[in-house]
Structure formats: structure tokens, C-alpha cells
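The structure appears below as C-alpha cells.
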Amino acid sequence: MAPPELTPMSHLLLTSTVVSALLSSALSAQIDERGALQITYQDEAAARNALVPGYGRGTAMVDLDNDGRLDLIVTMSEMQDTFLRQKADGTFENMNVAWGIPATLDRGWGVLAADFDNDGDRDVYFPTGGFSGAQANTILRNDLNTTGTFTDMTANSGDAPLDTFATFGGTVLDYDNDGDLDIFVSNNGVAVGGPVHNILLRNDGNFVFTDVSAAAGITHLGDYRHCSSGDVDNDGFVDIFVGNYVGGNLLYHNNGDGTFTDTAIFSGVADPNKNFGGVLIDFNNDGWLDLFGARYQFTGNYPSGLYINNGDGTFRDVRRAARMTRQQDMGHNCSDLNADGYPDIYIGTGHPNVKDLDVIKLIRPTPSGGLMSLNIGATSGLHALGETRSHGAAFGDINRDGYNDIYVNNGGPAFVPSSWQENSLFISDGNANNWIQVEPIGVISNKSAVGVRMMALTGDDVKVFRLNTVGRGFCNTDSPIAHFGLGPANRVQDFVMRWPSGIEQTYLDLPTLEAHKIYETGFTWSGTPAVGATINLEAFGVPNGTVTLFHSDVAGVTRDRAQGGTVRMGGTITFEPPFALGADGKVSTTFTIPNDPNLSGKTLYLQAKVEDSAGVHPLTLTHNVELVIP
């Protein structure tokens, strides 16, 4: 049964009840209907003063001034990039002059907004050049909390500018797990006269980056577009996918020693020619990152790529069984738009010379282990503007109602005036599905928490996985507040976070229909355990929080909802006097093992609870460590 396609006019005549019934009918024969509700949008760009000229580039939706509201960055081509601050009334104001944004008229292609110096605010990196030839990339340091402006660090940032390359896309990652963020950029070959390699920039601190591509094995030549990063094989090290327009895609497996190996052919995602990038994301919530591959195609019948991760280093191509379609895929990104727990796909079909209708694909798993897609572009209200030339699209909850909104950068480049269009801010109407939001903040991992893996186990035993990323699709930066659609479930039994540092923390019954800010919490230790010996501890968590250590020599596991987590010991539990974390959320201290001869030959289980002194953030039980006493 072919999915229904409704014209933009028919959208105006249908009630939301009828639309939901049509969607449910289309899905019912193919997949579980759990949470399969329609979603619609209203374009409020004009009403919110976000109707700026667009030139079809990547966008960002992040809180730049730490006031709790999402702001927008609109990348331009041969025009000054635009910084829009969201005010308390939900409208936006242009902050270019007030924030000291450089009046650079380069040809930008995307925007990466992340905390590169781990000082608590988001800095900005602009990949530039693309089709237009080699140009210097730009990096701005966020100094809004001190000087009230951004500072252009490009000239002093080592290899970050890369002015000999035509950069198309980029993604942010901590490839070496050292706690600061590195940058990978994908480069256009045609614009500089031949195939080129991509670049890996290692963050050496103080806003200085070093090109380590050759040493890392990032040497494969091609004509690359956009990229995405994520831990594909769950080995604790971040991998990279790169779309190649002429030749095979790359899937760089992180070997964990500072080097990468291209495994795209072995993995089954090479898909040669006309690839504009991709997004690594878990479509079926099995804990393994899958892949959407954006494939540009005017003619023929070769759909966009959709791949399921088999968990053994390989992927299976399910694009045809999933009813993926052919279109001019340039812009692309993924997010759970209807809050059913499964990520969906936005496809921008832009071209400087040709307009077309954009696509939203609802993605759902099938009972047979595959995926199914349904195009709701027409019924969602996305087509109210008619055909566009959209590319960049960023997702986030602009109005804080619990549902993801979409900011779309429309139009072709500034040097083709006939292609200009204004951008769209699609505000979600929401639906009956439930949700939870989590903003992760790293303490010993990178402050932006890029790379943290999160899982919500709902009350109806459905797992929802999310990965915190910066830079995917058409070089977009989505809101750092992770959105978990829960479908009809109104409870989160367990919420589990695994940080790039390897630290894992679990919450029980985290309240739904709320946004939570959660700090990386735990401790590390060093020394030699022995009866009466003192070991060193490095504890971390919410700034100025209170830490209470407790221990027992009896193994056990008790789910303690009052304590917010799982107590990983039994028997008689001894609590130590509490101590405080610093303003940076860290403290160095010691723990003295009881001078009890009966501990000899046993294991002492050590854990901690961390409380926010302000009572704002949830009580956290840390992981436990096992001290083997000789």
C-alpha cells in the first residue's frame, strides 16, 4: 500500500484528527503503531523576527549567552553570517554589532558551535569555501560572559583556518578522549582542481589546533561534501562518516591509538557517487548507530541511503524495503519530530537553479527487523511555502513546549541573486506523545558533552537512545538539549548516561514532561588498597555540590528510587562525612580504608551520592568501584 500523498492545499482542509487517522492507517499494515502520531508545523519566522535572507547554508540552534533560551546562527555565502539572540518574549534580535561578529564576506557552508576551550560557553567554527574554492575557515571565541563579545581567534589558532582547502562540512569530536574537542572537516576537490583529502584538527588547548591528518591516516583523496561522527562499534572511540560526491564514501574507524582506518567497503556503506553526506543515528533503538546517507540525484531511480547497523562492523542497506525515495538530497538532518521515540529524516532538496519540495520522512522499525519510511512533507505544513532551495536545517525546542522545532536555511548562494529566499522557522504544534529532555554537561569529559550516549527505558519497556553531537547533515549544529520522545509512555524507569570518559550514571524514574540539566558525576581513584591505607580520589559533579562516600564489604544491588539510582552494595553500609565540590565541579580528596583486619582478603565496595546544594539538579548516585584488599 503506497503511503498517502496530500497536496499543500489539501493540508489546509484536513483536521488534525483526519490527518492522524490517515497516518495511522498508512502505518498499521507495516509497523507497530505505538506513538505513530502526525505532527504539523507553523512557519513563524516572520512573527519571531527570524525572517532573514537565506543563502542555503548550515545553521545552528544553541544557547550562546547562557540565558536558557536557544539562539540561532545563520551561515551566509558572500554575506556576513547572522547571529540571532532569542529574547524573553520568543522573538529574535540581530546581535552582529553588539556581539562584535566579524563582517567577513566569505562563502561559508556550515557552522559548528561547541565549547572548544571548556569555559562553559559555546564557541563557533565556520567551514568555508566549498564550491567556491579555497578560503580560510573562521573560529570565534565566545567571550560574552567577560567582554560581551566574540573574539576572532582565526589568526592565532594554528592550523584551524586551513586556507589552502575548499572546506564543505565539519563535525566536532573528541577523537582521542582527552577531554577537549577536536574538529574534522571535509573538503571539496573539484573547486581546487582535483581530489583532496579531509582534515583532522587536534585541539592542543588555548584555541590552537594542529593538523594531524597524515599521522591519523586521513589521507584518502576524493571530492567530499558533508560528514557525521559517532561511535559506530561501541568501543568507546568516535568514528567518522564522510560523503563523497565522486567515488566511494568513507567510514573512518577510530583505532583508539590516534589513527583511523577506512572501513566503508567492508561495512557496506561506500555507495559510490553523488553523496552529500550523512547522519549517524540510532533509527531502531537497538543501541547501535545506523546511517542515513544523503544522495543527490536528478535522474534515475536510486533512492537515498538508509542503513541498519548489524553490530558486527557491517551495515545492511534497507533503502528500498523502507520505501526511501529519490530526490535532490543536499540538505539533510535527523531528529525525532513526532516524539514517538524514533528519529525521522529531513531532506532539503535545494539547488541554485532548481526549486523543489522538501521532504520529511517518518522512520519506524518493522517487526521483521527492518525500517519503514513515510513522507509527511505535505501533511506536516512544510510545503506551505511551496518549492524552495533549502539546505541547512537545525532542530531544537525553540519555544520550550517539549517538541522539536526546525530552523531551515533556504535559498541559493549570494552570487546567484535569482536563487535568494528567506529562511523558515517551523514551530511544532505538538501531539499527544510524551517526552523528556536532558541537557548533559561534561565535567572531566568535554564541557559540551559531545559524544555522550544516553538511553531512556520507558514505562512500557521501550528503549530510546540518543547521541549528543555537533556537526552533522549539511554542517548543522542542533540544540544540545537531547529530546527523548516517549510515545504513549508516561514514565522513564531508567535513564542511563555513558560519557566519553567512560563514566556511567543511572537515574530511576526521572520525571517526564520536564527538561533536566545533568552534570557528569563520579570519581576516579589512585593508590594501593590495603587495610588502613589511604587512596587518592578525584570527585566531580554539579558545581558546589556535596559528595557523600559510602562503602560496604558485601556485594549487592538495590534500586533505591529515593536516592535516585542503584546502590551497588549490600550488608551494613557505612557513610563517610560529606565534602564539597568546587565551583568547577571538581575536588581532590582522600579516602582511608577502615583499619579493620577482617577486611583482609575481601573486596570493599565504594560509591558516592552527589547532591546539588541549590536543590535544582537531581540527586545522583555514582558508579561504584571495587577495592580488592590483600
Side-chain angles (χ1 to χ4, degrees), residues 35 61-62 70 114 171-174 228-232 234 236 238-239 278-292 308-309 333-346 362-365 371 394-397 402-406 428 433-442 445-446 448-458 461-473 476-487 489 491-500 503-507 510-520 618:
M61 189 184 293
V62 294
L70 294 174
T171 188
V172 174
L173 68 163
D174 184 2
S228 181
S229 57
D231 186 359
V232 168
N234 290 339
V238 181
D239 311 300
V279 176
L280 291 168
I281 197 166
D282 190 349
F283 283 113
N284 56 2
N285 283 329
D286 66 350
W288 297 88
L289 292 178
D290 309 305
L291 173 67
F292 166 71
I308 293 178
N309 190 332
N333 204 351
C334 297
S335 179
D336 180 7
L337 299 177
N338 66 341
D340 64 354
Y342 301 101
D344 309 303
I345 302 171
Y346 164 85
L362 291 187
I363 305 296
R364 302 278 299 201
L371 296 172
F395 300 104
D397 186 3
Y403 297 90
N404 276 329
D405 309 304
I406 313 172
S428 172
N433 283 334
N434 292 311
W435 52 271
I436 191 172
Q437 294 179 352
V438 172
E439 180 180 2
I441 302 174
S445 297
N446 67 87
S448 292
V450 172
V452 64
R453 300 288 294 270
M454 296 168 280
M455 185 277 290
L457 176 64
T458 71
D461 292 322
V462 173
K463 293 180 179 179
V464 181
F465 289 87
R466 292 290 179 265
L467 168 69
N468 195 31
T469 62
V470 170
R472 64 184 189 185
N476 308 294
T477 299
D478 296 327
S479 167
I481 303 172
H483 177 273
F484 293 79
L486 304 178
R491 176 184 169 220
V492 173
Q493 299 182 57
D494 293 4
F495 189 84
V496 182
M497 309 177 73
R498 185 168 183 84
W499 299 82
I503 292 295
E504 187 172 295
Q505 59 200 74
T506 302
Y507 297 87
L510 203 61
T512 61
L513 301 181
E514 292 184 21
H516 303 272
K517 183 177 290 187
I518 297 181
Y519 287 82
E520 181 181 19

(request) Please report the C-alpha distance between Asp461 and Gln493 in whole Å, then the side-chain angles of each, then the deciding distance to 0.1 Å, and finally whether the side chain to side chain contact (heavy atoms under 4.5 Å, CB included) criterion is met. (result) CA-CA 8 Å; Asp461 292 322; Gln493 299 182 57; 2.9 Å; yes
(message) Test your reading of the model: is there a side-chain donor-acceptor pair from Glu439 to the backbone of Ser479, 3.5 Å cut-off?
(response) no
(message) Quick check against the 3.5 Å criterion: does His483 have a side-chain atom that pairs as donor or acceptor with the backbone of Asn404?
(response) no
Sequence neighbours excluded and cut-off under 3.5 Å, please list the side-chain donor-acceptor pairs for residues 510-518, or say none.
from	atom 1	to	atom 2	distance (Å)
His516	NE2	Pro511	O	2.8

Taking C-beta and beyond as the side chain, do [X] and [Y] meet within less than 4.5 Å on heavy atoms?
X      : Y      : answer
Asn333 : Val279 : yes
Leu280 : Asp290 : no
Gln437 : Asp397 : yes
Met497 : Pro440 : yes
Val232 : Asn309 : yes

(request) Check the pair Asn433, Asn338 against side-chain hydrogen bond (donor to acceptor under 3.5 Å, both in side chains), reporting the backbone distance first and the verdict last. (result) CA-CA 8 Å; Asn433 283 334; Asn338 66 341; 5.4 Å; no
Closest non-hydrogen atom pair between [X] and [Y], with its separation:
X      : Y      : result
Cys334 : Phe292 : SG-CB, 4.3 Å
Trp499 : Ala449 : CZ3-CB, 3.7 Å
Val172 : Val450 : O-CG1, 3.5 Å
Asn468 : Ser448 : ND2-O, 3.0 Å

(message) As a quick check of understanding, evaluate side chain to side chain contact (heavy atoms under 4.5 Å, CB included) for Ile481 and Val438, giving each step before the final call.
(response) CA-CA 6 Å; Ile481 303 172; Val438 172; over 6 Å; no
Tell me, please, which residues at least two apart from [X] pass side chain to side chain contact (heavy atoms under 4.5 Å, CB included).
X      : answer
Thr469 : Leu467, Arg472
Arg498 : Glu504
Lys463 : Met455, Leu457, Phe465

Under the side chain to side chain donor-acceptor pair (under 3.5 Å) rule, collect the residues that match up with [X], sequence neighbours excluded.
X      : result
Thr458 : Asp460
Asp340 : Arg364
Asp494 : Arg559
Thr171 : Ser229

(request) Apply side chain to side chain contact (heavy atoms under 4.5 Å, CB included) to Trp288 and Asp282, showing your working. (result) CA-CA 6 Å; Trp288 297 88; Asp282 190 349; 5.6 Å; no
What residues form a ring pair (Phe, Tyr, Trp, His ring centres under 6.0 Å) with [X], not counting sequence neighbours?
X      : answer
Phe495 : Phe484
Phe283 : none
Tyr507 : none

(request) Classify the angle between the aromatic ring planes of Phe395 and Tyr346 as parallel (below 30°), tilted (30 to 60°) or perpendicular (above 60°). (result) perpendicular
(request) Identify, with sequence neighbours excluded, every residue that meets salt bridge (Lys or Arg N to Asp or Glu O under 4.0 Å) alongside Arg466. (result) Asp336
(message) Just verifying a value: how many Å separate Ile406 CD1 and Asn476 CG, rounded to the nearest 0.5 Å?
(response) 11.5 Å
(message) Assess the residue pair Ser428 and Asp405 against the criterion (side-chain hydrogen bond (donor to acceptor under 3.5 Å, both in side chains)); give the C-alpha distance rounded to whole Å, side-chain angles, the decisive distance to 0.1 Å, and a yes or no.
(response) CA-CA 5 Å; Ser428 172; Asp405 309 304; 4.9 Å; no
(request) Please step through side chain to side chain contact (heavy atoms under 4.5 Å, CB included) for the pair Ile345 and Ile363, ending with a clear verdict. (result) CA-CA 7 Å; Ile345 302 171; Ile363 305 296; 3.9 Å; yes
(request) Establish, from distance only, whether the side-chain atoms of Arg453 and Asn234 form a donor-acceptor pair under 3.5 Å. (result) yes
